[in-house]
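Structure, as structure tokens:
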Number of protein chains: 2
Amino acid sequence: MAHAGSPRDSRRPRRTDAARNAESLLAAARELFDERGPDVPLDEVARRAGVGNATLYRHFPTRRDLIVAVYADEVTALCDQGAALIEAESPGEALFTWLDDFVVHVATKRALALAGTDDDDQRRTALFDDWHRSMRSTADRLLARARRAGAVDAGLSVDDLLALTSGAAIAATGADDARRLLRIMRHGFTGDQGSAGFVG
Amino acid sequence: MAHAGSPRDSRRPRRTDAARNAESLLAAARELFDERGPDVPLDEVARRAGVGNATLYRHFPTRRDLIVAVYADEVTALCDQGAALIEAESPGEALFTWLDDFVVHVATKRALALAGTDDDDQRRTALFDDWHRSMRSTADRLLARARRAGAVDAGLSVDDLLALTSGAAIAATGADDARRLLRIMRHGFTGDQGSAGFVG
DNA sequence: ACCTGAACACCGTTCAAGT
DNA sequence: ACCTGAACACCGTTCAAGT
């Protein structure tokens, strides 16, 4: 399963101390993001990891790179979960089950997603930029199957689906709120649930 | 019409130089936000306004206060627009016409909304904190009327409506995109538009 | 009462010197 | 090839001194 955020695919092997330092930095960043939020000084991450600050910049040129690396595993898990759901009996339920996991993921990392916005590209959050590709392909397959089953509107694109879903997750006050907002969006403000009947 | 962001309701009158400085700062901030984005150095705002930097802090203690003051007029206009729409023939169309203006407003100020997030309260954007009250009461009246007309789901709350709507606006790539996403949300992912019939 | 600009603190980024 | 920590630059905030 291809996933975003996997660092380093260079040819020759990396020196063992460099590999160890990268791991220490990731562990320190994970801890400090939890403890003090996504704006924690990068020097502090380096200090806790026991390396010089410039070493952090060598491995992770921007704060965003660090954030993405820290949560790469979780994104991979989410995509794997989506791959498993592609076999589920009900294509409609499969899609919305995955979206449910997705909004929880985004809502939980909300602060990090916003902190990862770059100055030059203020239109996109870190989630939408770096993790978007793998998320998008996962969502795309689930959506296509749900569409064939008639469980979603034929005109709904993946991009719109993901934009709306992550927008709701970012606007939500927490994971539970995000899941509730997703349920509302599924049937719309008008609340119509009729005509489509029991599909899938 | 009560609105957010109106500065200064102190008793005794303000010295004329203080009033002039506040105006200069607002004008300079408006220009620089347009030219260089919401992260422009505050010292630069003060310099363009022709005042000392500490004067800026006296009038607007946080960057957020400055942002809110700059866009207070626009928020007021949006609320007035909502007040006018409360008389419209179709309650459902009135609500969605206003929401259409609302998403354009939020999408246009998207970067500012995100820049206004505080460190201590990372759950809310500036829009949701400072302009929320007046927006909320406007939306509330339009929603109540639309609900009585059966144009929206009976269980839809103002808070959920505004959370979803502004979330879509923030996730959108621009004003046009935001309007499109609003239309999708209105009827939901399932695309059902049936059962409710021609209400309003 | 309000203004000023310099001083201070903090943090991201770079770089010369090491191994 | 990689690491180090000090130096640099930038910006928000405060404060002593002015009017």
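In what follows, every heavy atom counts, from backbone to side chain, and hydrogens, waters and symmetry copies are set aside. Within every chain, numbering begins at 1; the chains are lettered A, B, ... in the order of the sequence lines, protein sequences first and strands thereafter.
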Check: Taking atom P of C:dC2 as reference, at what distance in whole Å does atom CG of B:Leu56 sit?
Finding: 16 Å
Next item on the list: Let me know the distance between CG of A:Asn21 and P of D:dG5, rounded to the nearest Å.
Entry: 12 Å
Charged N-O contact under 4.0 Å between [X] and [Y]:
X	Y	value
A:Asp159	A:Arg136	yes
A:Arg30	A:Glu35	no
B:Arg20	B:Asp17	no
B:Arg145	B:Glu89	no

Next item on the list: State whether a side-chain donor-acceptor pair under 3.5 Å links B:Asp140 with B:Ser137.
Entry: no
Checklist line | Complementary nucleotide for C:dA7 - Watson-Crick or wobble, under 3.5 Å | finding: D:dT13
Next item on the list: Could you check which nucleotide pairs with D:dC2 in any of the strands shown, counting Watson-Crick or G-U wobble with both distances under 3.5 Å?
Entry: C:dG18
Margin query: To the nearest 0.5 Å, what is the distance between CG on B:Leu56 and CG on B:Leu66?
Written below: 6.0 Å
Next item on the list: May I ask you to verify if any side-chain N or O of A:His59 is less than 4.0 angstrom from the OP1 or OP2 atom of D:dC3?
Entry: yes
Checklist line | Summary of protein contacts for nucleotides 7-19 of chain D, nucleotide by nucleotide, where a base hit scores B, a sugar-phosphate-only hit scores S (4.0 Å, heavy atoms) | finding: ----SSBBB----
